[in-house]
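Since the structure is predicted, the reported quantities are computational estimates derived from the model, not experimental observations. To find a chain, count down the sequence lines: A is the first, B the second, and so on, and within it residues start at 1.
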There are 2 protein chains.
Amino acid sequence: MATTLNERKEEILRAVVVNYIKTAEPVGSRTVARAYPVGLSSATIRNEMADLEEMGYLVQPHTSAGRVPTQLGYRYYVDNLLEEDQMIMDDGFDISNSLSAEKMREIEQIITYSTRVLSQATNQTSLIMGPQFKKSAFHQIRILPLDDKRGLVVLITDTGFIKNKVINLQQQLSQTELHQVVSYLNQKLYGLTIDQVTTSLINELKRDLFRRLEILEQAFILLEESLKEEKQIRVFLGGTTNILNQPEFRDVDKIRRMLNLFEQEPLLFKILEDNSIEDDIVVKIGSENEFEDIKECTLITGTYRIHDKTLGTVGVLGPTRMDYGRVISVMRYLVNHLNKSLSSS
Amino acid sequence: MATTLNERKEEILRAVVVNYIKTAEPVGSRTVARAYPVGLSSATIRNEMADLEEMGYLVQPHTSAGRVPTQLGYRYYVDNLLEEDQMIMDDGFDISNSLSAEKMREIEQIITYSTRVLSQATNQTSLIMGPQFKKSAFHQIRILPLDDKRGLVVLITDTGFIKNKVINLQQQLSQTELHQVVSYLNQKLYGLTIDQVTTSLINELKRDLFRRLEILEQAFILLEESLKEEKQIRVFLGGTTNILNQPEFRDVDKIRRMLNLFEQEPLLFKILEDNSIEDDIVVKIGSENEFEDIKECTLITGTYRIHDKTLGTVGVLGPTRMDYGRVISVMRYLVNHLNKSLSSS
DNA sequence: TTTAGCACTCTAAGTATAAGAGTGCTAAAG
DNA sequence: CTTTAGCACTCTTATACTTAGAGTGCTAAA
């Protein structure tokens, strides 16, 4: 791990990684010789590559084939050899442009759009964990009577969430009664995060209010239910079909496993959440990932925040052979953009 | 088209179709002979099959292979030979059970859940067009002031839709002013479908109100915008990975084309909308479909409604080799269920 | 330390062969 | 006239074999 390679080995490792990322074919010594600026014969490079193989940075698929980077090889590349792409891409996809063009308003819209941009810019599958509702704080709660039997509960958080739910009211409420209840709730809940609203707190409120009004049983059950339900978080996916373009997913069986994974939101959530603790951008290569299903993939994540509070996580998932430079720089840009556009709304 | 087959040919055609649906392998005369109850030799059946081939109901992939149903063959099967499955399935998936188990409240939830059930019960991809917002009628509109700069517009339709949107108010509004505006809007809009709210009507309202209040410019722009935007309809997908289990999608290229299609919501919408005119359940086999991309598929659709108003369309999409009996009966059941559970909410 | 040369290994592609499934046709039987 | 047995024929699929090519490792010379 702590080993450092001499400059020539680094140069060769880089050449192999870059080439393999581009072509998905094992890289031979001759190919590296051509790519390597100083005239160095293929034989010399062969020797160096043999060394790199022994050290665990490269492997051969079979005895007489070129070399392919190992997980360790990619790791070294990412940690020591990587220069990030510049943002205006040569192949024409200009992320800064496509992000600023659309003026977006609602959080959900911003997220959906971001997954699309992210997957298009990276040619990988992108996943974004929506803002964590449960970590948001109450801003206010409102109850709108719809007709004599029904009301609309509206919940607004400091991070701009608006949740609503129709509830059935068993008995009719007068305007004043409703007003009383609502302002009491607002007073008690203001500033608390959704996380902090436990069942016991709700029960306490319920008892408190019962003394004054005996009508709201229904409303409370529904409030409680609504909170429970909203604790789960949506994961937004983009460009899932991009994996079909990767030669490592030539196999229908692998495709199936991958797409199945994509349909399991709770699992995706766990995968992303795992990384959301850390700051900045995290690159997890192959088995560095905890989860069995993506042991052959690389997951690159970043977190976006509002007023220094972590809101959610952005991820790109693809084969370990991935254009690290590009993905990282795109993600860096996107996270910045999200930070800005979410805090301004 | 108007041709009718004699009973023996029908029996044989059915045997071929049923067998091919089950095995995905061309069906030979010997296989049919075994399946055919009366002792009839394979040679006889061979002759009959040759006839059926000439009439266009069967084809051979190559000279010395069994037969496969043509589009016409499937059509005849669906129109004349089909007995629907009973609902409690032998393979253990009990749709009536899984539908009644969950008590669902919100429309979106019901739909999402239905796609899952439908795809699981049929092993195909299911698609459901959400209730058509634009065909719903205004029930009421509300404006909730959030703080001094922002308000929340809430729109409720007769079909149970609740849409909301935060708007920025340029100037502060007093409670009474707001109340006036809202009740005016409700009075004017009540009972109109979203479709009927044209830009010109909005302009008229705007002019009307301007005479009394000069503050609401912002609110109106946003109302307008919000309407425009909501005219697009979501299509919900389920079990997209099921196509990977079909041998006809062994080819990665076909998979890609299919999955790409699934990512294009407007196209899916068109595909479904095309069928929503008709009543009951519609089976479109192969090139009976208008759309190039699904010329090799069968699409089975049904419509669900509330108070005799068509709300949306349910579809199952898969290869022409599809268990028609099962899909149709599942769909019939689901549509009934949707009709009931949507009208009761 | 680098490089040229060469034997060696392994894959991928192409060819040949054989087995098997299913047909169509003919002629006999019902 | 219909049904059936028999048989030659066709086409696909699987298996084995061969070959070309890419790339290596090693040795010995520069």
With a 3.5 Å cut-off and sequence neighbours excluded, list the donor-acceptor pairs that the side chains of residues 21-34 of chain B form with protein atoms.
residue: Thr23(B); atom: OG1; partner: Asn19(B); partner atom: O; Å: 3.0
residue: Thr23(B); atom: OG1; partner: Glu25(B); partner atom: N; Å: 3.2
residue: Ser29(B); atom: OG; partner: Arg46(B); partner atom: NH1; Å: 3.3

Practice problem: Taking Watson-Crick and G-U wobble pairs with both distances under 3.5 Å, convert DNA chain D into its dot-bracket string, 5' to 3', dots for unpaired and | for cross-strand pairs. | Solution: ||||||||||||||||||||||||||||||
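- Note: Tyr74(A) and Tyr324(A) have tilted aromatic rings, judged against thresholds of 30 and 60 degrees for the angle between ring planes.
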Quiz item: Yes or no on salt bridge (charged side-chain N to carboxylate O under 4.0 Å, His left out) for Glu292(A) and Arg257(A), after CA distance, side-chain angles and deciding distance?
Solution: CA-CA 11 Å; Glu292(A) 199 54 41; Arg257(A) 258 177 289 151; over 6 Å; no
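- In this structure, the CZ atom of Arg30(B) is 17 Å from the P atom of dG24(C), given to the nearest Å.
- Judged by distance alone with a 3.5 Å cut-off, a donor-acceptor contact links the side chain of Arg46(B) to the base of dG6(D).
- The nearest whole Å value for the distance from the CG atom in Leu40(B) to the P atom in dT2(D) is 13 Å.
- Whole-Å rounding puts the Asn19(B) CG to dA21(C) C1' distance at 15 Å.
- Phosphate contact (OP1/OP2 of dG22(C), side-chain N/O of Ser42(B), threshold under 4.0 Å): absent.
- Across all strands shown, Ala43(B) has heavy atoms under 4.0 Å from base atoms, whether or not it also approaches the sugar-phosphate.
- A straight line from NE2 of His62(A) to P of dG23(D) spans 9 Å, rounded to a whole angstrom.
- In this model, a donor atom of one side chain and an acceptor atom of the other lie less than 3.5 Å apart for Glu263(B) and Thr240(A).
- You'll find that the side chain of Gln60(A) is closest to dT24(D), out of dT3(C), dT12(D), dT24(D).
- Counting non-hydrogen atoms of neighbouring residues, nucleotides and ligands closer than 6.0 angstrom, the CD atom of Glu53(B) exceeds 12 such neighbours.
- In this model, no side-chain donor or acceptor of Ser64(B) finds a partner on the base of dT23(C) within 3.5 Å.
- Side-chain nitrogen and oxygen atoms of Thr44(A) include at least one within less than 4.0 Å of the OP1 or OP2 phosphate oxygen of dT3(C).
- Rounded to an integer number of Å, the gap from CD1 of Ile45(A) to C1' of dT1(C) is 15 Å.
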Practice problem: Give the intermediate values and the outcome of salt bridge (charged side-chain N to carboxylate O under 4.0 Å, His left out) for residues Asp280(B) and Arg332(B). | Solution: CA-CA 8 Å; Asp280(B) 206 37; Arg332(B) 187 157 284 147; 3.8 Å; yes
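- Distance CG (Asn47(A)) to P (dT1(C)): 11 Å, rounded to an integer number of Å.
- You'll find that the side chain of Arg67(A) is closest to dG25(D), out of dA4(C), dG25(D), dT3(D).
- Closest of all the heavy-atom pairs between Arg321(B) and Pro247(B) is NH2-CD, 3.3 Å.
- The distance between atom CZ of Arg8(B) and atom P of dT3(D), rounded to the nearest whole Å, is 4 Å.
- Side chain of Ser41(A), nearest nucleotide from dT23(C), dT4(D), dT3(C): dT3(C).
- Comparing dA5(D), dT10(D), dT3(C) by their closest approach to the side chain of Thr63(B) singles out dT10(D).
- The CG atom of Leu52(B) sits 12 Å away from the P atom of dG24(C) (whole-angstrom rounding).
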